[in-house]
Amino acid sequence: MTDPISSEKHGDVQIIWSDNPPVNALGAAVRQGLVREIEAAEADDSVKAVVIACKGRTFFAGADISEFGKPPVMPWLPDVVDRIEACTKPVVAAIHGTALGGGCEVALGCHYRVAVPSAKLGFPEVDLGLLPGAGGTQRGPRVAGVELALQMATTGKPISAQQAHDAGLVDRIVEGELIEHAVAYADEVKDVRPLPRSSERDDKVTDVDHAIFEEYKKANAKLFRGDVAPQANLETIKAATEMPFEKGVMFERQKFMELMAGPQARARQYFFFAERKAAKIDGVGDDVQPRDIKRVGVIGAGTMGGGISMNFLTAGIPVTIVEMNQDALDRGTGIMLKNYQSTAKKGRMTEEQVGQAMGLLNPTLDFNELAECDLIIEAVYENMDVKKEIFTRLDGIAKDGAILASNTSYLDINEIASVTKRSEDVVGLHFFSPANIMKLLEVVRGDKTADDVLVTAMALAKKIKKVAVIAGVCYGFIGNRMLIPRQLEAEKLLLEGATPAQVDKVHVEFGMPMGPFQMADLAGVDIGWHRDPERIESIRDALCAKERWGQKKGAGFYDYDENRRPSPSDVTAAIIEDFRKKEGVTETREISDQEIVERTLYTMVNEGAKILEEGKAQRASDIDVVWIYGYGWPVYRGGPMHWADSEGLDKIVEGLKRQQDRMGDSFSFSQLLLDKAEKGEKFTR
Ligand code: 3H9
């Protein structure tokens, strides 16, 4: 292996280069090389100052995550940062790209930091279930101030070079050639003594009012719910205000090791790689090139069509949006504009950007205008006949090579494709609502979908900042298919004696943003309802018949006040009771939280295993990506398949067997789950 660290002399400034693609992660060879070159520069009398810089697309993006969990190789990153800081000659960090985690800590170990305007600095360790463990929790607040360090470490969100400069984390922002400026800066400061060492500063960490920590927690309660890493980050940053640096770093180390040994860090680190693996398409070579998408067409300006369009407009891709009548078109485009304006009000977009995005939109009633589009996404309501009619029309007008996509959430893409003479150009692009916000995109691979269509979909997903997962054709694909057993069992539990609030509470305590009934109320209890108030075959039918369609009606499984705050409903309780009578259920029983877990979460794992054994998901980790990004499964539990692995598949099988009689004929075991449990295997490792 070639040495990733080299050095070169510019006058009396020594540049230490890292060249460790793709992101200059601080693996063992990089750490060893940095110490070696710092020591060499120190020993060389002709060197007066040092610049640390990186080749390729970014400054160090952090510790090498692939080394986590493996036997440690010396030197530790904390020692490397200490060694840089202890250098007797000025060391300047030259930052471009992203100085993240350990990368930001290396920069903090340097005596000075210069950055290009596009650079970003951050502590994303919290997203890996960790905290900055190379002195970052102690040097960060000393240099950037407690509040900014707290925000960076607990949210994981990077800050811009300008913000970093304003806070003192970057000393100088330089335009143009970074290295020339960094060398010039090193030359300027080469004789300045004493050296400004971050660890020796205490002006920003003394006399800090400790109330800010509690206030921050209160204001960001969601961040801390169920997740241990934000709390550990907060405590270590607080320690910087309470103890000297040497003690603070010992505390940081102890907390770092505790986190690293815990299940949440394992889950999050697993997920880091799961997310990136999802972009890889089985059986499709790297040589397959994406098609060129210059204009996108969207059919339907409803909630989905509008949200889908916004993704492309925001990314600078023109959109032709088609509706059946002017009112619907105006309403749809009006909502898009309103959504953009509210983003602008929150400061996340400028008015100019709103104008630019909307300027790329071509609203029309003329279906034929779709002829100029390279990708056309149908986003009308879920009805096979309607979709077939649209695809027949599209086949007649779309240009050669255009990709024809359906946003269906359940329907058979092969059947939709069958009405065209170009099944190879047809694909499912299942966006999640609200489509302009939710990160997940299920790319549904039909039997005949061409490889380059899939490659295009994955590339485009990245461009519009979505995380895409390949799914096979089956009812509900990956995500919604797994919802089915959960919802079914949740409703049966109501019949047997549970309340909606009891079931939802178990899910919320597990870490989900909401439970099955809260979700039904939000999405609309009437979704998929047959619309016949006389036909009552489920609790859902009974609620729909009474127009309890969820939040939009102010009533569903719960009652809602004018601020959409839910409360348990006596009306719903009576409807459930009536339905029990209708079904001949004379006795109810106490339902335990464990039973709710087994019947609504273990059944999802079982369905995930079926999806996997049928080849409808490429890998177990893709299922986890779907559930984390599409439904808010707590990332610190790694998704349903990783969670099942960490619970133990034998335990899952045992729980399901315990419930099998109660679940009846609607449940059947996945053979893959049974086999893996028997052999002591896991889904995700
Ligand atoms: C840390 O620093 C702990 C310390 O405080 C204390 C230690 C004691 N390591 O994301 P991309 C790979 S914790 C190993 O697609 P982008 C990635 O897997 C670390 N590998 O690129 C992928 O591989 P492949 C704190 C890494 O341009 C490839 O690089 N730092 C690492 O969309 C490209 O990645 C972080 O958490 C890594 N650190 O985004 C930063 N990073 O091609 C994590 C990436 O085989 N990284 N890879 O699939 C990121 O956020 C993004 O990668 C970055 C680039 C923004 C840098």
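One-based numbering, in listed order, for ligands and for the atoms of each.
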With a 4.0 Å heavy-atom cut-off (strictly under), which part of F273 contacts ligand 1: side chain, backbone, both or neither? side chain
Give yes if a backbone or side-chain nitrogen or oxygen of P22 is under 3.5 Å from a nitrogen or oxygen of ligand 1, and no if not. no
Any donor and acceptor pair, going by atom type alone, linking the side chain of R253 with main-chain N or O of P78 inside 3.5 Å? no
G133 versus ligand 1: do any nitrogen or oxygen atoms come within less than 3.5 Å of each other? yes
Taking only non-hydrogen atoms of A61 and a 4.0 Å limit, the atoms of ligand 1 in range are 25 (C), 30 (N), 35 (C), 38 (N), 40 (C), 56 (C)
So which heavy atom in the protein is nearest atom 32 (O) of ligand 1, and how far is it from that ligand atom? K462 NZ, 3.7 Å
Test of proximity, R253 against ligand 1: N or O pairs below 3.5 Å: no
Looking only at distances, can you tell me whether any N or O atom of F68, backbone or side chain, sits closer than 3.5 Å to an N or O atom of ligand 1? no
How close do E37 and I5 get, heavy atom to heavy atom, and via which atoms? CG-CG2, 3.6 Å
In terms of its nearest heavy atom to atom 38 (N) of ligand 1, the top option of A25, G101, G62, A63 is A63
Quick one: sort the W627 and Y631 rings into parallel, tilted or perpendicular, breaks at 30° and 60°. parallel
Identify, by atom number and element, the atoms of ligand 1 in contact range of P132, meaning under 4.0 Å from any of its heavy atoms. 5 (O)
Protein heavy-atom partner closest to atom 20 (N) of ligand 1 - residue, atom, separation in Å: D64 OD1, 4.3 Å
Does an N or O from F256, backbone or side chain, lie closer than 3.5 Å to an N or O of ligand 1? no
When you measure from atom 45 (O) of ligand 1 to every protein heavy atom, which one gives the shortest distance, and what is it? K280 NZ, 4.4 Å
Tell me if the NZ atom of K463 is crowded by more than 12 foreign heavy atoms within 6.0 Å. no
Is the charged tip of R266 near the ring of Y270: under 6.0 Å from the six-membered ring centre and within 45° of its axis? no
For R139 and D82, run salt bridge (Lys or Arg N to Asp or Glu O under 4.0 Å): C-alpha distance rounded to whole Å, both residues' side-chain angles, the deciding distance at 0.1 Å, then the answer. CA-CA 11 Å; R139 288 190 182 91; D82 287 349; 2.8 Å; yes
Are any of the N or O atoms of R57 closer than 3.5 Å to those of ligand 1? yes
With distance as the sole criterion, is a donor-acceptor pair present between the side chains of T98 and T58 under 3.5 Å? yes
Is it the case that the side chains of E42 and T88 hold a donor-acceptor pair, with the cut-off being a distance below 3.5 Å and no angle test? yes
How far is atom 13 (S) of ligand 1 from its nearest protein heavy atom, and which residue and atom is that? L128 CD1, 3.6 Å
With side chains defined as the heavy atoms from C-beta onward, is the minimum distance between E125 and F256 less than 4.5 Å? no
Between R268 and ligand 1, which part of the residue brings a heavy atom under 4.0 Å of the ligand: side chain, backbone, both or neither? neither
Return the option from M257, Q269, E125 holding the heavy atom at the smallest distance from atom 5 (O) of ligand 1. E125
Begin from the C-alpha positions of K294 and D374 and carry the test salt bridge (Lys or Arg N to Asp or Glu O under 4.0 Å) through to its verdict. CA-CA 6 Å; K294 291 207 183 69; D374 307 291; over 6 Å; no
Under 3.5 Å between any N/O of I65 and any N/O of ligand 1: does that happen in this structure? yes
Could you check whether any heavy atom of L130 sits closer than 4.0 Å to an atom of ligand 1, since that is the contact criterion I want to use? no
When you measure from the centre of the six-membered ring of Y112, is the NZ or CZ of R172 closer than 6.0 Å and no more than 45° off the axis? no
So is T58 touching ligand 1 or not, going by heavy atoms under 4.0 Å? no
Side chains of Q231 and K217: do they bring a donor and an acceptor to under 3.5 Å? yes
Which protein heavy atom lies closest to atom 44 (C) of ligand 1, and at what distance to 0.1 Å? V23 CG2, 3.5 Å
Please examine the side chains of F213 and E235, heavy atoms only from C-beta on, and report whether any two atoms are closer than 4.5 Å. no
Under 4.0 Å, heavy-atom basis, I'd like to know which part of F272 is in contact with ligand 1: side chain, backbone, both or neither. side chain
Could you tell me, atom by atom, which parts of ligand 1 come under 4.0 Å of a heavy atom of T98? 56 (C)
For atom CD of E147, is the number of surrounding heavy atoms from other residues, nucleotides or ligands below 6.0 Å larger than 12? no
Below 4.0 Å from ligand 1: does a non-hydrogen atom of F123 turn up there or not? no
Report yes or no: do E258 and Q254 form a side-chain donor-acceptor pair below 3.5 Å? yes
Does some non-hydrogen atom of the protein lie less than 4.0 angstrom from atom 23 (O) of ligand 1? no
Under 4.0 angstrom from ligand 1, any heavy atom of E67? no
Have E275 and Y629 got a donor and an acceptor in their side chains that come within less than 3.5 Å? yes
Within the 4.0 Å heavy-atom cut-off, what K120 brings close to ligand 1 is neither
May I ask you to check whether F271 and W633 place their ring centers less than 6.0 Å from one another? no
Quick one: does K277 get a heavy atom under 4.0 Å from ligand 1? no
For P124, atoms of ligand 1 separated by under 4.0 Å from a heavy atom: 25 (C), 30 (N), 35 (C), 36 (O)
R268/D227 under salt bridge (Lys or Arg N to Asp or Glu O under 4.0 Å): CA gap, chis, key distance, verdict: CA-CA 11 Å; R268 282 184 171 274; D227 204 344; 2.7 Å; yes
of all protein heavy atoms, closest to atom 17 (C) of ligand 1 is R276 CD, 3.6 Å
Distance to 0.1 Å, residue and atom name: give those for the protein heavy atom nearest to atom 55 (C) of ligand 1. L100 CD1, 4.0 Å
Of the protein's non-hydrogen atoms, which lies at the shortest distance from atom 4 (C) of ligand 1, and what is that distance? E105 OE1, 3.4 Å
